[in-house]
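On a predicted model such as this, the values are computed, not experimentally measured, just so you know. Atoms considered below: every heavy atom in the structure, side chains included; atoms not considered: hydrogens, waters and symmetry mates. One-based numbering along the sequence shown.
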Amino acid sequence: MENSWGFPIIRELPTLLTTKGCNWNKKQLGIGMDNRSFWIGTDTQGNSWVVKMRGAWDAIRERVYSSLAQTIGICTQSSVYLVLSDDAGPLWDEARPRFTRTPQHGALWMLDEHGIEPCGPGCPYSHRDHGPDFRSRFESWLRCGVQNPWDRFDAAILGYLCGKFEPSGNLITASHLWLQIDNECMFSWFERGKTNRDAINDIRKDPLMKVNGATERIAALCARVTNVTDAELELILEVPNEYRAKTQVVRLRRWLRQARRTAEWIAEHGLQ
């Protein structure tokens, strides 16, 4: 796919990154209540990576979903699989979470987030434009000139197809680009035996369904998901041997195919 987002997509990045020679620092990322501290690793090429220290399984879910989303054209945060070296800063953090018992984690390509205030006289975006719910925030992005706001809609629907446990996050970059972040909670309800009917019911109840053009947009999105080939799914499911994740990959392959079947049903029958 052609990339016009201004950052490398997953298929342009190495599958696995090691942290030998990385410089580490902790930084506050996010705005308002979402502001949290994360470890930032800068590699020997000068690239910066956000490491949330959530362990191998969340890293796999994050990257598999994000790779699928990028494959069908949704602007989504890029990630790589990471193996921390013994001298990595996060492993020596006194406040480290339980996930740091192993060195396998995910690393996210770091992007500059837009601040809460307008960045200049012609700024099309401010967090003050946000309304009280997802629908009003989405409609504010349509009005104010944020890049690719419809990806927000597509990402919400794809999340239902992929069994999200909770919504992903939204990030507006300093260049006013919207992208989807925080995708580690995908594929969660597949583990509880939910079906394509559950996904369809969840989509029907989403407030975004009241946006003009929603039905047509969903049909187009589901057609794109349906067109993802088995060969592309195998590229999406590539996990390094260091993660020892063969069982997880088998499960994710089954769940991705289930998501594709659900999309095929919706493309043909609608949200009946």
Side-chain angles (χ1 to χ4, degrees), residues 1 9-11 13 15-16 52 54-74 76-82 99 102 104-108 154-168 180-206 218-272:
M1 61 168 289
I9 61 174
I10 285 172
R11 292 187 187 181
L13 293 170
T15 303
L16 182 68
K52 293 195 288 189
R54 292 293 301 267
W57 178 224
D58 277 4
I60 294 169
R61 290 193 293 182
E62 170 101 41
R63 192 175 190 275
V64 167
Y65 170 84
S66 298
S67 184
L68 172 64
Q70 290 183 357
T71 297
I72 64 171
I74 296 174
T76 308
Q77 193 169 33
S78 290
S79 66
V80 298
Y81 295 116
L82 180 75
F99 298 101
T102 63
Q104 291 87 4
H105 299 279
L108 305 166
D154 292 348
I157 303 306
L158 183 63
Y160 289 123
L161 297 177
C162 292
K164 61 184 176 183
F165 174 70
E166 61 184 34
S168 296
Q180 184 182 20
I181 61 172
D182 296 337
N183 299 311
E184 68 269 14
C185 290
M186 296 297 174
F187 309 107
S188 296
W189 62 236
F190 285 110
E191 297 173 325
R192 301 196 295 275
K194 289 198 173 186
T195 65
N196 63 341
R197 177 51 56 185
D198 295 292
I200 291 170
N201 289 337
D202 286 344
I203 292 171
R204 292 174 62 186
K205 292 183 290 186
D206 193 294
I218 287 174
L221 170 73
C222 287
R224 283 148 55 196
V225 175
T226 301
N227 288 332
V228 176
T229 65
D230 285 344
E232 287 175 314
L233 288 185
E234 292 309 308
L235 289 175
I236 289 167
L237 287 164
E238 183 182 4
V239 179
N241 292 331
E242 289 85 348
Y243 272 59
R244 298 183 294 278
K246 289 183 179 180
T247 301
Q248 288 94 324
V249 169
V250 170
R251 293 159 67 197
L252 283 165
R253 181 181 293 110
R254 184 173 69 249
W255 295 340
L256 284 173
R257 288 176 175 172
Q258 180 176 333
R260 190 173 58 184
R261 287 194 300 271
T262 305
E264 186 176 10
W265 171 271
I266 295 172
E268 184 175 351
H269 302 283
L271 297 173
Q272 298 178 12

Exercise for the section: Output every pair passing salt bridge (charged side-chain N to carboxylate O under 4.0 Å, His left out) with a member in residues 238-249, not counting sequence neighbours, ordered by first then second residue. Expected result: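 Listed by first then second residue: nothing to list.
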State, with a plain yes or no, whether a side-chain heavy atom of [X] is found less than 4.5 Å away from one of [Y].
{"X": "L108", "Y": "E62", "answer": "yes"}
{"X": "D182", "Y": "E166", "answer": "no"}
{"X": "Y65", "Y": "L158", "answer": "yes"}

Handout entry: Spatial distance of atom CZ (R61) from atom CZ (R251) [nearest 0.5 Å]
Key = 9.0 Å
Problem - For D230, all residues meeting side chain to side chain donor-acceptor pair (under 3.5 Å), sequence neighbours excluded - result: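 Residues passing side chain to side chain donor-acceptor pair (under 3.5 Å) with D230: R260.
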Handout entry: For S78, side chain to side chain donor-acceptor pair (under 3.5 Å) partners two or more places apart
Key = Q70
Exercise for the section: Classify the angle between the aromatic ring planes of F187 and W255 as parallel (below 30°), tilted (30 to 60°) or perpendicular (above 60°). Expected result: parallel
Handout entry: Sequence-distant partners of R204, salt bridge (Lys or Arg N to Asp or Glu O under 4.0 Å), two or more places apart
Key = none
Handout entry: Those residues that, when tested against E184, pass salt bridge (Lys or Arg N to Asp or Glu O under 4.0 Å) (two or more places apart)
Key =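 For E184 the salt bridge (Lys or Arg N to Asp or Glu O under 4.0 Å) partners, ignoring immediate neighbours, are K52, R54.
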Problem - D154 and R224 ion-paired at < 4.0 Å - result: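 Yes, charged N to carboxylate O under 4.0 Å.
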Problem - For Y243, ring-ring contact (aromatic ring centres under 6.0 Å, His included) partners two or more places apart - result: Y81
Handout entry: Short side-chain donor-acceptor distance under 3.5 Å, S168 and Q180
Key =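 Yes, because at least one side-chain N or O of Q180 sits under 3.5 Å from a partner of the opposite role on S168.
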